[in-house]
Amino acid sequence: MSNKTTFLNISSTSADWRGLALSNFGLSPFVFHDMLFASVEGFIQGIKFPESDPRRLQAFHLSGWDAKQLGDLADRSGAYWNRQCLPYGSTQHHQLIESAIRARIDQSVGLQRALLSTNGLELVHDTGRAEAPTTSLPAIVFCRILTAIREELLCARLAAS
């Protein structure tokens, strides 16, 4: 019987540096739609606020628990982007978050290599807490997104060789 780890926890509580690096919580600036974001978590929390709410931009400039705590003040009536209100928790909402995650990884060779190094591992998201029913990005959706990006990167690497 093998003790080899078959999964990697992508979380700010991960024991593996790759899980920490790929977590949405990490300070990892990226540009999306010509705007600068401090982290994916800041993006996720900021879009909970209408475009006229000053807390929106504040969230965009935060990471980790600071972003999460600010986002907890939102009423979750929708996800606001490009003068539209997307239904909170909808496929469109998750696709928007996926686009931001993709932008972050596309802009970082280091994150691309970290994700590629997880090949063969199941990606999980376990924060040590029960997932809230009102979460913006359910663990299963988050892991599906990262796994899809990893597969695309692997295919691109094979095509280039």
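Just so you know, these numbers use all the heavy atoms, side chains as well, and skip hydrogens, waters and symmetry mates.
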- Message: So Gln58 and Leu70, do their side chains get closer than 4.5 Å, heavy atoms only?
- Response: yes
- Polar side chain donor-acceptor pair, Tyr88 to Ser136, under 3.5 angstrom: yes
- Message: Does any part of the side chain of Leu111, heavy atoms only, come nearer than 4.5 Å to the side chain of Ser28, both counted from C-beta?
- Response: yes
- Query: Under 3.5 Å, side chain of Arg76 to main-chain N/O of Lys48, donor-acceptor pair present?
  - Reply: no
- Point-to-point distance, once rounded to the nearest 0.5 Å, from CG of Leu115 to CD of Glu151: 9.0 Å
- Treat each ILVMFWY residue as a node, draw an edge where side-chain heavy atoms are under 4.5 Å apart, and state whether Leu116 and Ile101 are in one component. yes
- Shared hydrophobic cluster, Phe25 / Val141 (ILVMFWY, side-chain heavy atoms < 4.5 Å): no
- pair Arg18-Ser117: side-chain heavy atoms closer than 4.5 Å: yes
- Message: Working note: His93 + Trp81, criterion ring-ring contact (aromatic ring centres under 6.0 Å, His included); need CA distance, chi angles, decisive distance, verdict.
- Response: CA-CA 9 Å; His93 181 197; Trp81 191 254; over 10 Å; no
- Do the non-hydrogen side-chain atoms of Ile105 and Gln112 ever get within less than 4.5 Å of each other? yes
- Item | Note, Arg55 side chain near Leu73 side chain (heavy atom, < 4.5 Å) | yes
- Message: Side chains of Leu123 and Leu22, heavy atoms from C-beta outward: is any pair under 4.5 Å?
- Response: no
- Do Ser39 and Glu41 get their side chains close enough for a donor-acceptor pair, meaning under 3.5 Å? no
- Connected hydrophobic set around Val124, excluding itself, where side chains approach under 4.5 Å: Phe7
- Message: Just verifying a value: how many Å separate Asn24 CG and Lys68 NZ, rounded to the nearest 0.5 Å?
- Response: 11.5 Å
- Close side-chain approach of Arg144 and Glu98, heavy atoms under 4.5 Å: yes
- Task: Determine whether Phe49 and Leu96 fall in the same hydrophobic cluster, where Ile, Leu, Val, Met, Phe, Trp and Tyr are linked whenever their side-chain heavy atoms lie under 4.5 Å apart.
- Result: no
- Query: Excluding sequence neighbours, so at least two apart, what forms side-chain hydrogen bond (donor to acceptor under 3.5 Å, both in side chains) with Thr127?
  - Reply: none
- In Å and rounded to the nearest 0.5 Å, what is the CD to CZ distance from Gln107 to Arg102? 13.5 Å
- Polar side chain donor-acceptor pair, Arg150 to Thr118, under 3.5 angstrom: yes
- Task: Could you tell me whether Phe32 and Phe43 have their ring centroids closer than 6.0 angstrom?
- Result: yes
- Separation of Leu20 CG from Ser11 OG (nearest 0.5 Å): 7.5 Å
- Consider only side-chain N and O atoms of Ser77 and Asp75, and report whether a donor and an acceptor are under 3.5 Å apart. yes
